[in-house]
Amino acid sequence: MGLFDKFKKSTVPQRVNGAALLFCPESDYKNVLDQIEQMFKIEHFGDGNHITLRQCKSLVVITYSFDSTGFGETKEKEKQVMAPLLDITETLQGVITFGDSFTFLNGRGQVILDKEGKSELDFYMPAEFPVPEDWAKDAPAESVERRNKSMERLWEKHVYVASWLPLLWEKAEEPGRTVEEVCARAAALLAISLYSESRVGDHMSYEEAREFVAPIIEGYGAEKFFSPRERAYLNDSESTEQTQIQYTWQYENLWVMEWALGLTDDLFWPDRICDVPGSVRLIKGYSTMEELLSAAKLRPRKELLEQADLIFRLHWACVDARVMGMASPQKLDEGVVMERHRALFWLAGCDGMCPWDDVDLST
């Protein structure tokens, strides 16, 4: 057979068979089949060409066949088959694969991922159906508004977060943390962070590190501001290096306190650690608690709750990616995100205005 013989039109039609898999987020097979029946009218088979569809939860198995007398006709009919299948994929917000099942397309026919790991998209956000109408029927309106605002920002940043995550039910009009509480927490975090850095970074002995932070503790009167765990850590001359490293992360919490107190406006995207020397300079510019209180302008609880809602969802995205064996989305630093989760939940008074040691970091 010559090179171009396969393009010649045959006088005897040949049956061409094909298959596709359509993955969609709709789990109710009746809804899926309703959409398919509306588009394909599958009770009619037309002139002998036919489409057969089977569905198992969120996976639709599609087989199709048609008569063809040559390569050109086959290609044209494959296009005719693909067009409505891509339409239904778009309608169902799904993903479809044809032939070898290694190339995944969206409803617009764009390659999401092929077997070589290539994509025609700069980003891909999986579709998800809206939560049930009664999902938040008893929640305060502001809780839903906060969640929606967070989800819009995350969508703009191309960060996928499940739509069904819980709401923060706290109300902005209710009493929150006082400026005195936040200044006290900032002073405690400064002392803990500097002590930890002295131990693990400068390799000071326990006695040397305690002596180093003593003037800071005394200047702010911070001894009474430490949480039970912090006090136990400071009094433990045999703390491990791992524990000391863990407490150096408190600089991240200190930065958030400084933001909440109006000492900085830079609550940056959490893809990097904070400016550690800068955070120390910010607060040490006010060497006593009286000076710090005089300079502080605590942000409204509404703003704190909005940031708490956002970081909660960002933390979920980081954990979800890690569990799935993937990198955090948009270069998020999970360590920074987790500490910011702690600081913002405490600041916003989530979890019933709980003590510092009891902030719930679950996602």
Side-chain angles (χ1 to χ4, degrees), residues 140 142-143 146 149-150 168-195 213-231 234 247 249-268 270 274-312 336 338-361:
E142 68 178 89
S143 297
R146 272 196 301 269
K149 184 176 181 179
S150 294
L168 302 188
W169 284 53
E170 288 74 13
K171 297 180 180 178
E173 64 186 18
E174 296 172 347
R177 303 288 180 189
T178 64
V179 66
E180 290 81 7
E181 285 181 281
V182 180
C183 285
R185 180 94 301 266
L189 290 167
L190 173 65
I192 287 288
S193 300
L194 286 172
Y195 167 79
V213 297
I216 296 169
I217 295 174
E218 183 178 353
Y220 292 105
E223 187 64 45
K224 58 182 177 291
F225 301 147
F226 297 122
S227 73
R229 288 180 187 170
E230 290 170 338
R231 184 170 289 106
L234 281 175
Y247 275 97
W249 279 95
Q250 300 314 295
Y251 280 121
E252 299 301 327
N253 293 310
L254 174 60
W255 185 269
V256 178
M257 298 300 155
E258 292 169 336
W259 169 82
L261 291 168
L263 304 183
T264 179
D265 292 326
D266 188 15
L267 194 64
F268 54 88
C274 70
D275 176 3
V276 170
S279 69
V280 175
R281 286 194 299 271
L282 270 177
I283 190 169
K284 287 187 73 175
Y286 313 98
S287 57
T288 66
M289 182 57 65
E290 290 74 21
E291 290 180 11
L292 182 58
L293 282 167
S294 178
K297 294 181 180 179
L298 186 62
R299 295 178 188 271
R301 194 181 187 195
K302 178 179 184 293
E303 187 175 0
L304 301 177
L305 282 165
E306 287 176 349
Q307 290 296 333
D309 187 276
L310 178 64
I311 203 67
F312 167 62
V336 174
M338 183 179 72
E339 294 303 335
R340 197 174 286 189
H341 183 170
R342 188 194 316 275
L344 286 167
F345 262 49
W346 182 86
L347 278 166
C350 302
D351 302 324
M353 299 285 287
C354 68
W356 179 257
D357 287 345
D358 297 337
V359 175
D360 183 6
L361 298 182

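Quick caveat, the model's predicted, so the values are computed rather than measured. Here, residue 1 is the first one in the sequence, and each next residue gets the next number.
Partners of Pro300 by side chain to side chain contact (heavy atoms under 4.5 Å, CB included), not counting sequence neighbours, listed by chain and number: Glu303. Partners of Glu181 according to the salt bridge (Lys or Arg N to Asp or Glu O under 4.0 Å) rule, which considers only residues two or more places apart in sequence or in another chain, are Arg177. The ring-ring contact (aromatic ring centres under 6.0 Å, His included) test applied to Phe345 returns His341, not counting sequence neighbours. Here Lys284 pairs with nothing under the salt bridge (Lys or Arg N to Asp or Glu O under 4.0 Å) rule; sequence neighbours left out. Every residue two or more places apart in sequence or in another chain was checked for a salt bridge (Lys or Arg N to Asp or Glu O under 4.0 Å) with Arg340, and none qualifies. For Lys302, the side chain to side chain donor-acceptor pair (under 3.5 Å) partners two or more places apart in sequence, or in a different chain, are Glu306. Applying the side chain to side chain donor-acceptor pair (under 3.5 Å) test to Arg301 and every residue at least two apart in sequence or in another chain returns nothing. A search for salt bridge (Lys or Arg N to Asp or Glu O under 4.0 Å) contacts involving Glu252 returns nothing, not counting sequence neighbours.
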Let me check something: any side-chain donor-acceptor pairs from residues 256-266 under 3.5 Å, sequence neighbours excluded? List them with distances.
from, atom 1, to, atom 2, distance (Å)
Thr264, OG1, Asp266, N, 3.1
Asp265, OD1, Arg299, NH2, 2.8

List the atom pairs, with distances to 0.1 Å, where a side-chain N or O of residues 287-297 and a protein N or O form a donor-acceptor pair under 3.5 Å, not counting sequence neighbours.
from, atom 1, to, atom 2, distance (Å)
Thr288, OG1, Glu291, N, 3.2
Glu291, OE1, Ser287, N, 3.0

For residues 183-194, which side-chain donor-acceptor pairs fall under 3.5 Å, sequence neighbours excluded?
from, atom 1, to, atom 2, distance (Å)
Arg185, NH1, Glu230, OE2, 2.9
Arg185, NH2, Phe225, O, 3.2
Arg185, NH2, Glu230, OE1, 2.8
Ser193, OG, Leu189, O, 2.7
Ser193, OG, Tyr251, N, 3.3

Pairs under 3.5 angstrom only: tabulate donor-acceptor contacts from the side chains of residues 349-358 to other protein residues two or more places apart or in another chain.
from, atom 1, to, atom 2, distance (Å)
Asp351, OD2, Asp360, N, 3.3
Asp357, OD1, Ser227, OG, 2.8
Asp357, OD2, Ser227, OG, 3.3
Asp357, OD2, Arg229, N, 3.0

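With values rounded to the nearest 0.5 angstrom, Ser143 atom OG is found 8.5 Å from Lys171 atom NZ.
When every heavy atom of Arg281 is checked against every heavy atom of Asp275, the shortest pair comes out as NH2-OD2, 4.1 Å. Closest non-hydrogen pair, Leu282 versus Trp255, comes out as CD1-CZ3, 4.1 Å. Between Tyr220 and Ile283, the shortest heavy-atom distance links the atoms OH-O, 2.9 Å. Across Leu298 and Thr178, no two heavy atoms sit closer than the pair CD2-C, 3.9 Å. Considering every non-hydrogen atom in both Glu339 and Asn253, the closest pair reads O-OD1, 2.5 Å.
Enclosure of atom CD in Glu180 by more than 12 non-hydrogen atoms of other residues, nucleotides or ligands within 6.0 angstrom is indicated.
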